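Note sheet for the following structure.
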Amino acid sequence: MGCAHGKCCNRDSSTSDEDAGHHQRGIRPYKNKDGLTQRSLELVHVPSHNFTLQYSSLTQHGYYPDTTDRENQDSFCIKTQIQGNPNVHFFGVFDGHGQYGAQCSNFVKDKLVEILSSDPTLLDDPLKAYNSAFLATNSELRDSEIDDALSGTTAITVLVVGDTLYVANVGDSRAVIAVKDGDRILAEDLSVDQTPFRKDEYDRVKLFGARVLSVDQVEGLKDPDIQHWGDEESHGGDPPRLWVPNGMYPGTAFTRSVGDSTAEKIGVIAVPEISIVRLTPSHLFFVVASDGVFEFLSSQTVVNMATAYKDPSDACTAIAGDSYKRWLELENRTDDITIIIVQIKGLSNSGVGTTDSEVHSRPCQTGGSMNQSAAIVPPLMHQRPLESDVG
């Protein structure tokens with residue numbers, strides 16, 4: 001979710017290292033393969049715990065009737081055997097925004113994993129390494145030739161280290177894991193969207209002087225003094241956005257990103273929130289995707305759809321197709337859509353202390369100065385979906 005014109009109100013708007021990177025409502029179905037990049041099924045073994053990751057990915061260029069030559073601003077990165085270690089693997093999705101969003105997204109997907117891979121402390125202290133990599137990537141983007149004043153990217157990434165997932169997030173893309181619970185398969189969010197709907201994020205950006213208003217409030221159609229917007233599910237069509245004190249920009253609907261140097265002055269930071277998950281045999285697969293997927297599909301719906309397919313390539317195609325169709329039913333365009341599905345095969349109880357999900361966490365740091373420590377999100381596991389949502 002971004003702005004009235006995209007991600008922010010700027011109208012112009014790997015095996016070893018493998019990266020990627022309609023119409024009037026209801027007229028064109030999801031059969032146009034232009035702008036679609038899909039990887040076939042791939043496998044990587046994790047010898048430390050004797051299980052296999054089976055994965056696939058897909059990215060679909062969005063349909064924008066007013067800017068048909070617009071680039072796909074999403075990108076993704078899959079890098080296996082980080083530092084030559086067969087037990088360490090990286091999966092990330094990056095959703096660019098603004099005039100130079102595609103350049104920002106591609107820069108970050110290359111640079112973040114490069115910095116992580118070269119950090120000698122990665123395996124000793126993954127949290128510190130992850131945090132440092134995000135901040136260093138943000139700094140290098142700032143020093144590059146790319147203009148990130150009103151452009152940037154979200155980043156949702158999963159680092160697999162043996163039987164542990166480290167999930168680092170900035171922005172409003174999402175990671176979700178499927179957990180078998182009796183005869184049900186539940187979706188459990190591994191990340192929390194960072195938007196002004198969250199009180200902690202709202203409070204943090206207000207400390208930096210951000211005005212938080214929806215577009216209707218900015219345009220005088222609603223009272224700007226009302227500082228509550230309901231929840232994201234029911235009020236996502238005109239969400240609260242961040243504006244400088246005396247201007248009509250940048251209008252970001254997220255509170256963290258990489259890049260966005262103008263928005264950084266009002267509290268939009270590149271500090272990731274990190275969650276840690278110990279894998280168990282009840283974990284079936286995880287999904288990493290841009291908000292082009294989750295704008296109109298719940299986490300549980302995505303997990304339900306992925307569960308129906310043996311091959312994650314087919315699951316990626318089905319989920320992207322349904323997302324695309326729902327965009328066209330509800331909007332006159334679609335967002336770029338990117339998804340990675342990673343199945344967890346053959347993980348046994350041997351050497352695993354529990355069959356329940358574990359998230360090790362500490363509260364987010366939300367002080368008034370730029371926090372240079374990774375915030376570990378509160379526990380997200382065992383959130384029960386609506387019964388009607390569970391397949």
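Any value given below was found using the heavy atoms of this structure, including those in side chains, with hydrogens, waters and symmetry copies removed. The structure presented is a predicted model; accordingly, all values stated were derived computationally and were not measured.
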**Prompt:** Between R142 and E264, is there a side-chain N and carboxylate O pair less than 4.0 Å apart?
**Reply:** yes
**Item:** Any donor-acceptor N/O pair, R256 side chain to Q194 backbone, under 3.5 Å
**Value:** no
**Request:** For the residue pair F90 and L112, establish whether any side-chain heavy-atom pair is separated by less than 4.5 Å.
**Result:** yes
**Non-hydrogen side-chain atoms of T157 and N169 separated by less than 4.5 Å** = no
**Message:** Has Q343 got a side-chain atom pairing as donor or acceptor with F285's backbone, closer than 3.5 angstrom?
**Reply:** no
**Prompt:** Salt bridge between R326 and E295, side-chain N to carboxylate O under 4.0 Å?
**Reply:** no
**Message:** Between D238 and S214, is there a side-chain donor-acceptor contact under 3.5 Å, judged purely by atom types and distance?
**Reply:** yes
**Prompt:** Could you walk me through whether D119 and T121 pass the side chain to side chain donor-acceptor pair (under 3.5 Å) check?
**Reply:** CA-CA 5 Å; D119 190 333; T121 71; 2.7 Å; yes
**Request:** Using modelled atom types only, decide if a donor and an acceptor are shared between the side chain of Q103 and the backbone of S151 within a distance under 3.5 Å.
**Result:** no
**Prompt:** Taking the six-membered ring for Trp, are Y130 and Y166 ring centroids under 6.0 Å apart?
**Reply:** no
**Request:** Could you check if a side-chain atom of R278 sits within less than 4.5 angstrom of a side-chain atom of L165, using non-hydrogen atoms only?
**Result:** no
**Item:** Within-4.5 Å side-chain heavy-atom neighbours: V303 and L186
**Value:** no
**Message:** Are there over 12 heavy-atom neighbours, none belonging to N246, within less than 6.0 Å of that residue's CG?
**Reply:** no
**Message:** Looking at S105 and G101, would you say the former's side chain and the latter's main chain have a donor-acceptor pair under 3.5 Å?
**Reply:** no
**Message:** Applying a strict under-4.5 Å side-chain criterion to I, L, V, M, F, W and Y, I'd like to know whether L127 and V113 cluster together.
**Reply:** yes
**Message:** If you apply the rule side chain to side chain donor-acceptor pair (under 3.5 Å), what do you find for T52 with H45, and how did you get there?
**Reply:** CA-CA 4 Å; T52 298; H45 191 59; 3.2 Å; yes
**Message:** Within the structure provided, determine whether E42 and S56 are in side-chain contact (heavy-atom separation under 4.5 Å).
**Reply:** no
**Donor-acceptor contact below 3.5 Å, side chain Q83 vs main chain S117** = yes
**Message:** For a side-chain contact (heavy atoms from CB on, under 4.5 Å) check, start with the C-alpha distance between V176 and F286, then their side-chain angles and the critical distance, and finish with the verdict.
**Reply:** CA-CA 6 Å; V176 180; F286 61 86; over 6 Å; no
**Message:** Centre-to-centre under 6.0 Å for H97 and F254, is that the case here?
**Reply:** yes
**Message:** Between H61 (side chain only) and Q73 (backbone N and O only), is there a donor and an acceptor less than 3.5 Å apart?
**Reply:** no
**Request:** Might you work through the side chain to side chain donor-acceptor pair (under 3.5 Å) test for D172 and T195, ending with a clear yes or no?
**Result:** CA-CA 7 Å; D172 55 3; T195 74; over 6 Å; no
**Request:** Give a yes or no on whether the backbone of D336 and the side-chain of W327 come within a donor-acceptor separation of less than 3.5 Å.
**Result:** no
**Fill in**
From the list V158, V287, I339, T338, side chain to side chain contact (heavy atoms under 4.5 Å, CB included) partner of V93 resolves to T338
**Asked** Hey, mind stepping through T59 and D74 against side chain to side chain donor-acceptor pair (under 3.5 Å) and telling me if it holds?
**Response** CA-CA 7 Å; T59 185; D74 282 4; 4.8 Å; no
**Asked** Okay, side chain of T317, backbone of S313: is any donor-acceptor separation there less than 3.5 Å?
**Response** yes
**Asked** Is any NZ, NE, NH1 or NH2 atom of the basic residue among E114 and K109 found under 4.0 Å from an Asp or Glu carboxylate oxygen of the other?
**Response** no
**Asked** Do we get R333 above Y64's six-membered ring, with its NZ or CZ under 6.0 Å from the centre and within 45° of the axis?
**Response** no
**Any side-chain donor near an acceptor of the partner, S173 and S290, under 3.5 Å** = no
**Message:** Within the 4.5 Å heavy-atom criterion, are V170 and V271 side-chain neighbours or not?
**Reply:** no
**Prompt:** Can N304 and T307 be counted as having a side-chain donor-acceptor contact under 3.5 angstrom?
**Reply:** no
**Message:** Show, in sequence, the C-alpha distance, side-chain angles and deciding distance for E273 and R198, and conclude whether the salt bridge (Lys or Arg N to Asp or Glu O under 4.0 Å) test is met.
**Reply:** CA-CA 14 Å; E273 291 183 312; R198 278 176 50 180; 2.8 Å; yes
**V293 vs I319 side-chain heavy atoms within contact, under 4.5 Å** = yes
**Message:** According to a hydrophobic-cluster definition based on side-chain heavy atoms being under 4.5 Å apart (Ile, Leu, Val, Met, Phe, Trp, Tyr only), do V160 and F76 belong together?
**Reply:** yes
**Request:** Report yes if the side chains of F296 and S323 come closer than 4.5 Å at any heavy-atom pair, otherwise no.
**Result:** no
**Message:** Taking V302 as the starting point, is it possible to reach L284 by hopping between hydrophobic residues whose side chains are less than 4.5 Å apart?
**Reply:** yes
**Request:** Keeping the roles fixed (side chain from N106, backbone from A102), state whether a donor-acceptor pair exists under 3.5 Å.
**Result:** yes
**Item:** Note: K325-D322 ion pair, threshold 4.0 Å (strictly below)
**Value:** yes
**Prompt:** For T255, does its backbone N or O pair with a side-chain atom of R204 as donor and acceptor, under 3.5 Å?
**Reply:** yes
